[in-house]
2 protein chains.
Amino acid sequence: MTPRQTAALKKVDADSAARDGVNDVIDIGMLDDWIGFHLRMAQIASFQSFARHAQGIELSPGRFAALVLIDRNPGISQTALSRAIGSDKSTLTPVLDSLVKRGLVSRERTHNDRRLYELKLTDAGKNVMRAMHEHAQQHEKNLDTIVGPKDRALFLKILRKIAATRE
Amino acid sequence: MTPRQTAALKKVDADSAARDGVNDVIDIGMLDDWIGFHLRMAQIASFQSFARHAQGIELSPGRFAALVLIDRNPGISQTALSRAIGSDKSTLTPVLDSLVKRGLVSRERTHNDRRLYELKLTDAGKNVMRAMHEHAQQHEKNLDTIVGPKDRALFLKILRKIAATRE
DNA sequence: TATTGTTATACTCTATAACTATA
DNA sequence: TATAGTTATAGAGTATAACAATA
């Protein structure tokens with residue numbers, strides 16, 4: 001490892017820098033060589049880009065993911081869904097409340113075990129998901145361009161590996 | 001700060017799957033090929049790993065980053081700091097309040113322009129940063145192992161590129 | 001007793017707008 | 001007028017603990 005120790009995270013404009021007595025370029029020190037830090041910054045940028053592409057459709061990446069998961073796993077329970085997206089079941093309650101209220105998801109008790117709900121997409125939910133899909137695909141296309149076709153598979157493989165690791 | 005959280009996309013245990021009538025493995029559909037999705041999942045996993053390593057020291061990645069930035073740029077103003085970490089100045093106010101209250105950061109008006117604060121680390125702040133550094137390095141070492149030495153530079157380069165893109 | 005899902009509660013992170021004090 | 005920082009406020013996202021209904 002060869003820490004560069006210095007990098008421009010963001011240039012401060014010359015005027016304000018002079019005014020502040022602060023250097024033109026901010027020194028991010030050891031962070032510059034840290035995977036975790038850049039993972040965080042990349043995710044923030046990606047999230048913001050996603051939000052720009054999806055403006056008009058009110059659906060955060062998390063909710064969109066919930067919709068996709070319900071679509072692909074019709075009848076899934078809330079607890080199973082919460083496990084899949086890595087959040088607590090109590091976190092999911094208001095999310096599903098709003099998705100049901102907006103008519104995108106149906107929630108019915110199972111016949112076998114009346115403690116569980118069966119989650120399914122309504123037709124409206126499928127439509128919204130499809131519309132969202134298009135926006136998300138444009139966003140993905142931009143990411144693809146940034147990553148480049150040559151390194152795409154490797155990059156994805158590493159991301160999957162990081163996500164799968166629980167140590 | 002004690003985020004528990006489970007594995008994203010993890011397998012549902014056989015028993016509960018049978019009980020739920022849900023497949024053993026959750027189908028994530030189109031998400032599986034999406035960079036943005038896996039970026040998000042990797043970041044969540046990395047964050048949780050960071051939290052586990054840093055348990056005992058109450059410092060989120062964001063606050064740790066603020067500390068590092070102040071350490072490397074002593075005398076930086078709050079607005080410059082907020083620009084560097086990409087959040088609003090009002091977001092930073094309570095963060096700095098708590099860092100100052102905990103004796104980790106000093107905040108003094110500049111002599112030239114009495115609207116600005118000069119942020120600096122106190123000795124206690126430097127100590128905490130050093131302790132944090134050790135935890136964070138262990139965390140980084142794990143990430144390094146996952147990524148592998150061969151692909152590390154390329155992976156970092158792509159992350160930087162994504163973070164730098166504002167389209 | 002154990003599990004599903006809800007409720008009550010709380011904390012973090014984030015932002016916008018209006019404000020103050022200084023320039 | 002413009003800038004640095006605070007305050008008021010709000011909303012998303014997250015969690016834990018206690019609870020009701022059901023198993």
Side-chain angles (χ1 to χ4, degrees), chain A residues 12-13 15-22 40 43-44 47-48 50-51 54 58-66 75-83 85-100 105 107-119, chain B residues 1-6 8 12-13 15-22 40 43-44 47-48 50-51 55 58-66 75-83 85-101 105 107-119:
Chain A
V12 178
D13 68 277
D15 273 13
S16 71
R19 211 183 311 115
D20 300 0
V22 166
R40 183 159 176 267
Q43 205 272 319
I44 289 172
F47 183 98
Q48 285 166 359
F50 182 93
E58 273 173 44
L59 219 49
S60 67
R63 288 181 180 213
F64 177 50
I76 191 174
S77 73
Q78 295 190 188
T79 299
L81 181 60
S82 77
R83 276 193 293 253
I85 61 183
S87 61
D88 193 84
K89 57 190 162 74
S90 71
T91 303
L92 224 51
T93 298
V95 171
L96 289 169
D97 280 350
S98 95
L99 291 177
V100 169
V105 168
R107 178 160 54 171
E108 285 179 25
R109 294 290 187 187
T110 63
H111 34 288
N112 297 335
D113 187 336
R114 290 182 46 71
R115 291 173 304 181
L116 287 89
Y117 280 123
E118 279 185 347
L119 301 174
Chain B
M1 175 186 50
T2 319
R4 166 216 62 96
Q5 294 223 359
T6 333
V12 177
D13 67 276
D15 272 13
S16 69
R19 210 186 309 117
D20 300 0
V22 166
R40 183 159 176 267
Q43 205 271 319
I44 289 172
F47 181 97
Q48 287 166 359
F50 181 92
Q55 77 188 156
E58 271 174 46
L59 220 48
S60 68
R63 289 183 178 209
F64 177 51
I76 191 173
S77 72
Q78 295 191 188
T79 299
L81 181 60
S82 77
R83 275 193 295 254
I85 61 184
S87 61
D88 193 83
K89 57 192 163 72
S90 71
T91 303
L92 224 52
T93 299
V95 171
L96 289 169
D97 280 350
S98 95
L99 291 176
V100 168
K101 200 166 152 196
V105 168
R107 177 159 56 171
E108 285 178 26
R109 294 290 187 186
T110 62
H111 34 289
N112 298 334
D113 187 337
R114 291 182 45 73
R115 291 173 304 182
L116 288 89
Y117 281 122
E118 281 185 346
L119 301 173

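Convention: sequence-line order gives letters A, B, ...; per-chain numbering from 1.
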| task | State whether A/Arg107 and A/Asp97 are salt-bridged, where the test is any N-O pair (Lys NZ or Arg NE/NH1/NH2 against Asp/Glu carboxylate O) under 4.0 Å. | result | yes
With respect to the side chain of [X], which nucleotide from [options] is positioned closest?
{"X": "B/Ser90", "options": "C/dG5, D/dA15, D/dT7", "answer": "D/dT7"}
{"X": "A/Gln78", "options": "C/dA21, D/dA23, C/dG5", "answer": "C/dG5"}
{"X": "A/Arg63", "options": "C/dT4, D/dT3, D/dG13", "answer": "D/dG13"}
{"X": "B/Lys89", "options": "D/dT6, C/dT22, D/dT22", "answer": "D/dT6"}
{"X": "A/Arg115", "options": "C/dT22, C/dG5, C/dA2", "answer": "C/dA2"}
{"X": "B/Arg109", "options": "C/dT6, D/dT14, D/dG5", "answer": "D/dG5"}

| task | Name the residue closer to the 5' end of DNA chain D, choosing between A/Pro94 and B/Leu96 according to the nucleotide with the nearest heavy atom. | result | B/Leu96
| How close or far is atom P of D/dT3 from atom CZ of B/Arg83, stated in whole angstroms? | 11 Å
| For B/Arg109 and B/Arg115, which heavy atoms make the closest approach, and how far apart are they? | NH1-O, 2.7 Å
So [X], base contact, sugar-phosphate only, or nothing? Heavy-atom distance under 4.0 Å.
{"X": "B/Ser87", "answer": "sugar-phosphate"}
{"X": "A/Thr91", "answer": "base"}
{"X": "A/Ser60", "answer": "sugar-phosphate"}

| For B/Leu92 and B/Asp88, what are the C-alpha separation, side-chain angles and deciding distance, and is it a side-chain contact (heavy atoms from CB on, under 4.5 Å)? | CA-CA 7 Å; B/Leu92 224 52; B/Asp88 193 83; over 6 Å; no
| query | Between CZ of A/Arg40 and CD1 of B/Ile85, what distance do you get to the nearest 0.5 Å? | reply | 8.0 Å
